[in-house]
Number of protein chains: 6
Amino acid sequence: MTTTARPADSLRTWSIDPAPFGAAPGRVLVKAGRTIVLCTASIEESVPPWMKGQGKGWVTAEYNMLPGSTSPRKGRDRGPKIDGRTTEIQRLIGRSLRAIVNLEALGERSVTVDCDVLEADGGTRTASITGAYVALVQALRSSPGFANGEPLPLSDSVAAVSVGIVGGVPTLDLDYSQDFAAEVDMNVVMTGGGRYVEVQGTGEEATFDAEQLAAMLSLASRGIAQLSILQKSLL
Amino acid sequence: MTTTARPADSLRTWSIDPAPFGAAPGRVLVKAGRTIVLCTASIEESVPPWMKGQGKGWVTAEYNMLPGSTSPRKGRDRGPKIDGRTTEIQRLIGRSLRAIVNLEALGERSVTVDCDVLEADGGTRTASITGAYVALVQALRSSPGFANGEPLPLSDSVAAVSVGIVGGVPTLDLDYSQDFAAEVDMNVVMTGGGRYVEVQGTGEEATFDAEQLAAMLSLASRGIAQLSILQKSLL
Amino acid sequence: MTTTARPADSLRTWSIDPAPFGAAPGRVLVKAGRTIVLCTASIEESVPPWMKGQGKGWVTAEYNMLPGSTSPRKGRDRGPKIDGRTTEIQRLIGRSLRAIVNLEALGERSVTVDCDVLEADGGTRTASITGAYVALVQALRSSPGFANGEPLPLSDSVAAVSVGIVGGVPTLDLDYSQDFAAEVDMNVVMTGGGRYVEVQGTGEEATFDAEQLAAMLSLASRGIAQLSILQKSLL
Amino acid sequence: MTTTARPADSLRTWSIDPAPFGAAPGRVLVKAGRTIVLCTASIEESVPPWMKGQGKGWVTAEYNMLPGSTSPRKGRDRGPKIDGRTTEIQRLIGRSLRAIVNLEALGERSVTVDCDVLEADGGTRTASITGAYVALVQALRSSPGFANGEPLPLSDSVAAVSVGIVGGVPTLDLDYSQDFAAEVDMNVVMTGGGRYVEVQGTGEEATFDAEQLAAMLSLASRGIAQLSILQKSLL
Amino acid sequence: MTTTARPADSLRTWSIDPAPFGAAPGRVLVKAGRTIVLCTASIEESVPPWMKGQGKGWVTAEYNMLPGSTSPRKGRDRGPKIDGRTTEIQRLIGRSLRAIVNLEALGERSVTVDCDVLEADGGTRTASITGAYVALVQALRSSPGFANGEPLPLSDSVAAVSVGIVGGVPTLDLDYSQDFAAEVDMNVVMTGGGRYVEVQGTGEEATFDAEQLAAMLSLASRGIAQLSILQKSLL
Amino acid sequence: MTTTARPADSLRTWSIDPAPFGAAPGRVLVKAGRTIVLCTASIEESVPPWMKGQGKGWVTAEYNMLPGSTSPRKGRDRGPKIDGRTTEIQRLIGRSLRAIVNLEALGERSVTVDCDVLEADGGTRTASITGAYVALVQALRSSPGFANGEPLPLSDSVAAVSVGIVGGVPTLDLDYSQDFAAEVDMNVVMTGGGRYVEVQGTGEEATFDAEQLAAMLSLASRGIAQLSILQKSLL
């Protein structure tokens, strides 16, 4: 949890690597500082019953934190009621991916991307989105429909980063201790081409002005540009 | 559900009135065009067990659409699993209110604000927030702690409006047919003083650029200023 | 909650009016004193899978109290388990309606009547039944099968009222304070033609004799006759 | 399922015997024709937390049909949602018992009566109530508070029977085939002293008039008088 | 619950009798000392949708303890979550039966065996398996496919018994007080022909050596041979 | 999934390494061929309310397969009902650990061991137990009570392996393809000292004789001896 030397406008150290375990056709381990997420993508050559016959595919995501990813231990999301935060995050990941997928070109196929947090030090949802894109591409390439060099049904790449106001300073890519101290917390999802997919800024028990909003958006844009390059280098 | 003549940069017709039914100390009927939401606020002179003894209060919200608020009928949110959309909306309403409540000054009291949609024509979550603030003030004034002219534990007012890109045009306060057609949908929550509380922009199967974002934020800011005046007129 | 001047053998002030909000084809606001219920009826031109091909329709009901309908606030019926009282009431409303509907003449259509209590001051289930009948008629008239003056698939009207023994006195149409004090509580559902549909008398921690039963049934019969006239005046 | 020779105004063959198995202090096997119910009553020398310190006791009931009690097999009431019919019946049994129990005289004790249907041929809820009373008495006598001849905290006995209109004929104690064919079905609960505890008459898809109601109540009264004698003979 | 005189290598007194109640085609009451289980078997002339068209049948089991089977009362397995112990036991019963059923020869039929414990004094799962086999045979003989002397789709009979180490002594057929005191508890399921179906030995907070394991297996084998003879005598 | 060259009496290649991610004080990655399980152990300096004041601790386990651990994808164990297989496995892991933990010497502490399967190729429950022991030791050493060289509250080590009959051949440490083909499947848990903790042999739709049982137990004993050495080498 050392964040000492990093300037407020710099990303943490990020890496995206093929995951050394798992059986899903798409699988990467994404690291953002001490946050480590396993993103796996599975593909089925069919769609749910209610989508049959429309010639369109579907992309969905699930998010989960492993109990050992935090200390003290995080209880599992079992039982009748999934935690509201979990629901929000997995809906966000799914929307972010669908924004750059051409569902018609995907055809009657379903992709499920699973983001399982192995270690949590802030920014797990943005690391998830950034890794999920890479796993999605891997899974698509394993499908009979796209395995032989056919163009992938994607209009662009997608990545995400968090920004915030910490002690009055607009800050990029917050780790847990920064996130905990932040007055404002914002998650930004953008395409490789620099267009917005999602902007979610929130000031729990606080507010922010237009200038701060602009500063955060600018930091996010620069961070995501770097992450987009990292994604491309792997694919 | 035709809203033909309204310019893209104008609010629908809004009203906030005391609700003619209900037993909760705070209760208003908020109308935004054909969207009608009953906001009631109840107050308890205690906090949940896990907050006891901290000298702080709590504010939470629940959101619900009545089955008859839409045609065809909307099924109730009963059973083991609350719909993800419902969870997201009620968390947003709660955060928006807490952004302007001083929980220490509230003392060991709990306020629950219920937003029950009686008729749905787009923008139910922003109408809920805008009405919830008024019901919250009413409920606080009914509490022994604030009934005799004591200053309310509020730092500002809060209101919300939706904006979007419809057919390429930045548009304020979308009704259902506009929302359905929109490329981008954004909900903005701001204080009466003009500071941001939440900014949630999303492009399901679409994206947006920085210029469009700026245009939407500008429209939202103007709309919310008008709604803040409407709120003040009632209180 | 003032019940001062009303004689024990008189109804409270009742009204049934078209609801000024909602999108369901049938919708009324029924008031019995301070008890206010929104009854909406929705119709689908199909039946559940297990009823297909039998040439019969189905009528069902749901009942709910809004959190702001009482003070202190009533918690929502969410989560894995619906409250036993709610289940009993909505089954009663459904049976009462089906007693006067000819399901064969209805054809393969489904009607769902929703009774949402906006303010609760006793007798919510009997107000619900009385209003549900009116909403049902409105919804039927909106269906392609009955919109052009075809005879409705109804054998009679149906209405309901509560009676009880309060301080030894047989009493009609109990409000909450009377219900709370009552030794015996009875709900009676009858047709416009004066036939019984349901008789449910119960003495929680008390009992009653044949004479008291007869007195209560007589009061109920008179009250329901008045409510049947009120229903007819609206339709 | 032979009901041939029995006159419409006669009870089926009933018996109440000590159950030859089980570990609960109260346990009887009640038979009404081919309907067989195991009623067990357990007693705890404490009350639920929310009743502590009031000097009062509590009596509650649970009802269940064993899968092998019917053919075809009846699925178990497991899973998130208890069947509405089950809920109604167990609430009815509990209220019926509490009507003759003096909860203050019971003291801070809890009695749970379980009615498990071993074979179902109509009238399981009324057989349950009739047997539950006997099991309750047995359990009370096993409690330190009442084991040495102290007066039991009961104001009377309680028993129940079903009545109905079958093919136009008022009929007592319906078996399954009669119940299935009945136009009107009524359950009546009365004390040994002849006072009403519950009257629940219902005409699913049918109605009934005052004369039929009187005939059914008269039959029920006679039947319950006989059952009360049977109960006394065992205790 | 005294079991004083019985030697450690002897079975308790066992009996298997036709159940005097219930409507399922297979039904027996199995007693092992004071443990009494009702085993009923129901048969359907169809299989679940996902098995259709494979020409195979299915056999499954459910296990349940009645609340009055123990003192103090055992709460019902209702609500969202079935107890882990219940799940384990009913899976064990189902596997034990399927080990001797030829599912192809059964044809597209489903058998459900229900084991409801009426009184519990240890060894309920092994009594359930031993009785379930007899109920299964009865149910098969009631099916049109096997009612006229056709060979049953069974390769052998199956029975079960518990063994354990109690106070250092290998002991057969433990009652509750022995089970409670046992260092090691083992359930053994075998065919009439003397082959193993399941061996489940467990030392909660204890361990056992190879010699003890051999002694327990030897006792179990002898006990099951006796139970197999008892089963045959009934069929 | 190649198992070609390995003799039937040999273990797969096993390793146990400190996990390179996670925040729990105990964490290892255990590999048995292509089966890879993350075992993390968390410790709390308190016990659940119902154990308070007894001077004893508690050890429990949870088991989970990640969706990407298999292909096709394995659905998550969310929702109202945990899968029966999951329940059985996590109860087995917990019992196996408690067999070698002295709960009194542990003191009022709780250890939760989480076994999350990252890749599944057979034997996930036995790999989980073998890894869980190592994570448990690591977590205990991190506790204030045992961090300074105090003796750990453990009577021995514990490890597990699967054995079975595959094509008639007693086989050690089955991978998925062997497990799928096996006539008999047995899981054996033993201490480092060579004593049995659990023996669970099962022949779904098959049976086995005493000689086969002896052969399997012999193989298991040898395999576990090797795994115990591997565990010791790490600690």
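Convention: sequence-line order gives letters A, B, ...; per-chain numbering from 1.
- For chain A, the nearby parts of F/Asp114 are the backbone and the side chain; heavy atoms of each come within less than 4.5 Å.
- Checked for salt-bridge contact, A/Asp77 and F/Arg76 miss the test: no charged N lies under 4.0 Å from a carboxylate O.
- Contacts between A/Ser71 and chain F at a heavy-atom distance below 4.5 Å involve backbone atoms as well as side-chain atoms.
- Shown here is A/Lys31, whose NZ atom has no more than 12 heavy atoms of other residues, nucleotides or ligands within 6.0 Å.
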(request) Applying side-chain contact (heavy atoms from CB on, under 4.5 Å), run through A/Arg78 and F/Thr86 and close with a yes or a no. (result) CA-CA 12 Å; A/Arg78 276 177 180 167; F/Thr86 297; 3.6 Å; yes
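- For A/Ala23 against F/Ser69, the heavy-atom pair with the smallest separation is CB-O, 3.6 Å.
- Interface remark: A/Leu118 contributes backbone and side-chain atoms alike to the contact with chain F (heavy atom separation under 4.5 Å).
- Between chain F and the options A/Ala24, A/Ala41, A/Gly68, the largest number of non-hydrogen pairs under 4.5 Å is found for A/Gly68.
- Top candidate by heavy-atom pairs under 4.5 Å with chain F, chosen from A/Val117, A/Asp116, A/Thr40, is A/Asp116.
- The candidate from F/Ile43, F/Leu29, F/Thr70 with the greatest count of non-hydrogen atom pairs under 4.5 Å with chain A is F/Thr70.
- Contacts with chain F were tallied for A/Pro72, A/Gly26, A/Pro67, A/Ala19; A/Pro67 has the most, counting heavy-atom pairs under 4.5 Å.
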(message) Between A/Leu38 and F/Leu66, does the side-chain contact (heavy atoms from CB on, under 4.5 Å) criterion hold? Intermediate values first, please.
(response) CA-CA 10 Å; A/Leu38 173 64; F/Leu66 267 67; 3.7 Å; yes
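- At a threshold of 4.0 Å, the pair F/Arg73-A/Glu62 counts as salt-bridged, since one of the basic side-chain nitrogens sits closer than that to a carboxylate oxygen.
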